[in-house]
Amino acid sequence: MTRQLMVGIDKVCRSAYSYASAIRTPSVGIMISKDDCIQKYNEYKKQHEVIPKKKDFFKFAGIHERQLVGLYGRDAYTKLQEECGDEANKLNLEKTPTEKIMRQYGDLALELEELPNSSDWIERHFKPSISGLERRPHFIKWSEFPSKFTEWIQNNQVKGYEKVLGYINESSAKSKVKAEKRDREFEKLISNIRSWSPGRRRNSEGEYKIELRRHLESLGYTVNEEFGESNFDLLINKRHAVEIKKDPQLSEYDRLFGQLARHLQHQLRVIALILDAPSEDKFSNFTSLVDTYLCKDEKIVEVIKK
DNA sequence: CTATATGATGAACGAGAAAG
DNA sequence: CTTTCTCGTTCATCATATAG
């Protein structure tokens, strides 16, 4: 029954359709030509003294987009604009080839005789701009430019930028030295804390904190307490965070885990110092959690137990 | 409504330099 | 040595014209 109904509706639609298309046949005269479109286009320009946007053109000319497509095929409006001697409104969406970007960078470095910074790029109005570079489809953050450049040179065996590679090596060597210095400082701090032992058993975390602080200060560290948004227990040399827990239960380990994660957002390296740990079980469980989930890439959490 | 390649701009951030 | 200033970098947001 429903089926019959559908067929009936279908029939009605079909007949309506054929009626409509009959009206629109060329013989009736609604068909428009390219010349009509061009004329309307120019008319719009005269009236508004602006090149029409696509939508505005259709509204103005009283034409349906389909009709224009019928005349010009794909990119119809763009073709019309070109035919009228205008540059198409359509955005030029050709992506800047990697080669061009890299050569701009390399040549700029050669000219400056050092690695360019983003201001240099802006000054020359290179394309894409900094904001275009860092996103799709290029994904080149300025700081990553040197490494991407090196990669490009290697992959394509490009010659002529040896000097630039030299600059890149120089600067990465410099930052390596700094990183190593920081590493060594951190290692030393760890060993200093490891070799420290509290004078006596204390009743609270706070007392241990004070004692450790005195100890570290006597070794020449700069120590700040309860520092910054993330509230470390101690911040050593403005770089390394220390979190202290005394006699933690499971729930306190959990809390500590969260605190460490938060600290890692601010510092690359964090020390968790656990005092008077009662249960070896919970402790080792905690350290394995930390190793699995917190120590990633550059981020390091060192857990010390006393 | 979404995708496209890109631009503009201002806020947030971080490091280093200058000034105190 | 500490506070303040400056510069470079990154992020988020808005915008664009058109096709599908």
Side-chain angles (χ1 to χ4, degrees), chain A residues 37 41 44-45 48 50-61 63-84 86-102 104-105 108-109 112 114-149 167-168 170-172 174-182 185 217 220-225 227-230 235-241 262-269 298-299:
Chain A
C37 294
Y41 185 90
Y44 184 104
K45 278 208 296 190
H48 296 79
V50 196
I51 293 174
K53 301 273 173 73
K54 192 170 101 172
K55 260 190 193 160
D56 296 334
F57 170 76
F58 289 128
K59 215 187 271 171
F60 178 79
I63 297 170
H64 287 292
E65 186 171 358
R66 284 278 169 82
Q67 293 176 284
L68 195 68
V69 174
L71 295 169
Y72 286 94
R74 65 166 66 184
D75 287 3
Y77 188 60
T78 296
K79 284 180 188 159
L80 173 65
Q81 287 195 297
E82 279 163 1
E83 197 155 321
C84 296
D86 284 332
E87 238 171 71
N89 287 343
K90 189 180 179 186
L91 291 178
N92 174 20
L93 288 183
E94 264 169 49
K95 101 175 190 193
T96 315
T98 307
E99 157 139 25
K100 188 170 173 199
I101 294 174
M102 290 306 172
Q104 283 178 140
Y105 183 81
L108 185 53
L112 298 171
E114 65 180 332
L115 289 186
N117 65 30
S118 54
S119 309
D120 300 320
W121 187 275
I122 294 169
E123 185 191 2
R124 309 214 181 205
H125 303 285
F126 284 154
K127 289 188 172 191
S129 71
I130 303 287
S131 92
L133 265 182
E134 68 197 14
R135 286 167 295 156
R136 204 180 42 175
H138 304 296
F139 295 112
I140 303 174
K141 282 185 208 163
W142 191 264
S143 61
E144 295 165 349
F145 226 142
S147 61
K148 302 238 161 149
F149 182 78
Y167 302 144
I168 292 174
E170 253 172 66
S171 85
S172 74
K174 260 186 213 162
S175 56
K176 224 181 227 170
V177 168
K178 270 185 206 162
E180 272 167 21
K181 206 171 159 194
R182 238 175 286 144
E185 190 182 69
E217 278 173 341
Y221 289 100
T222 310
V223 183
N224 295 81
E225 226 164 296
F227 193 86
E229 293 163 62
S230 149
L235 183 70
I236 316 296
N237 284 1
K238 311 227 160 171
R239 263 196 287 277
H240 314 296
R262 192 147 35 86
H263 296 342
L264 281 174
Q265 295 185 318
H266 301 274
Q267 313 295 131
L268 248 40
R269 296 144 210 283
E298 303 262 77
K299 299 186 183 297

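Reminder, nothing fancy here: chain letters follow the sequence lines and each chain counts from 1.
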Nearest 0.5 Å, please: how far is [atom2] in [Y] from [atom1] in [X]?
X: A:Ile101; Y: A:Ile140; atom1: CD1; atom2: CD1; value: 5.0 Å
X: A:Thr98; Y: A:Lys95; atom1: OG1; atom2: NZ; value: 5.5 Å
X: A:Glu134; Y: A:Glu144; atom1: CD; atom2: CD; value: 10.0 Å

Please tell me which of the listed nucleotides, [options], lies nearest to the side chain of [X]?
X: A:Lys127; options: B:dG7, C:dT18, C:dT10; value: B:dG7
X: A:Ser131; options: C:dT18, B:dA5, B:dA8; value: B:dA8
X: A:Arg135; options: C:dT18, B:dA8, C:dG8; value: B:dA8
X: A:Lys141; options: B:dG7, C:dT10, C:dT9; value: C:dT10
X: A:Thr78; options: C:dT18, C:dG8, B:dT4; value: C:dT18
X: A:Lys54; options: C:dA19, C:dT9, B:dA5; value: C:dA19
X: A:Arg136; options: C:dG8, B:dT4, C:dT10; value: B:dT4
X: A:Lys95; options: C:dG8, B:dT6, C:dA19; value: B:dT6
X: A:Glu65; options: C:dA19, C:dT10, B:dT6; value: C:dA19

In whole angstroms, how far is the [atom2] atom of [N] from the [atom1] atom of [X]?
X: A:Glu94; N: C:dT18; atom1: CD; atom2: P; result: 16 Å
X: A:Phe58; N: C:dT18; atom1: CZ; atom2: P; result: 10 Å
X: A:Lys53; N: C:dA15; atom1: NZ; atom2: P; result: 13 Å
X: A:Asp56; N: C:dA17; atom1: CG; atom2: C1'; result: 12 Å
X: A:Ile122; N: C:dT10; atom1: CD1; atom2: C1'; result: 12 Å
X: A:Asp75; N: C:dG20; atom1: CG; atom2: C1'; result: 11 Å
X: A:Leu133; N: B:dG7; atom1: CG; atom2: P; result: 8 Å
X: A:Asp120; N: C:dG8; atom1: CG; atom2: P; result: 8 Å

* Asked: Under 4.0 Å between a side-chain N or O of A:His138 and OP1 or OP2 of B:dT6?
  -> yes
* Are OP1 or OP2 of C:dA17 and a side-chain N or O of A:Gln81 less than 4.0 angstrom apart? -> no
* Just by distance, do the side chain of A:Lys148 and the backbone of A:Phe139 share a donor-acceptor pair under 3.5 Å? -> yes
* **Donor + acceptor pair across side chains of A:Tyr77, A:Glu65 (<3.5 Å)** => no
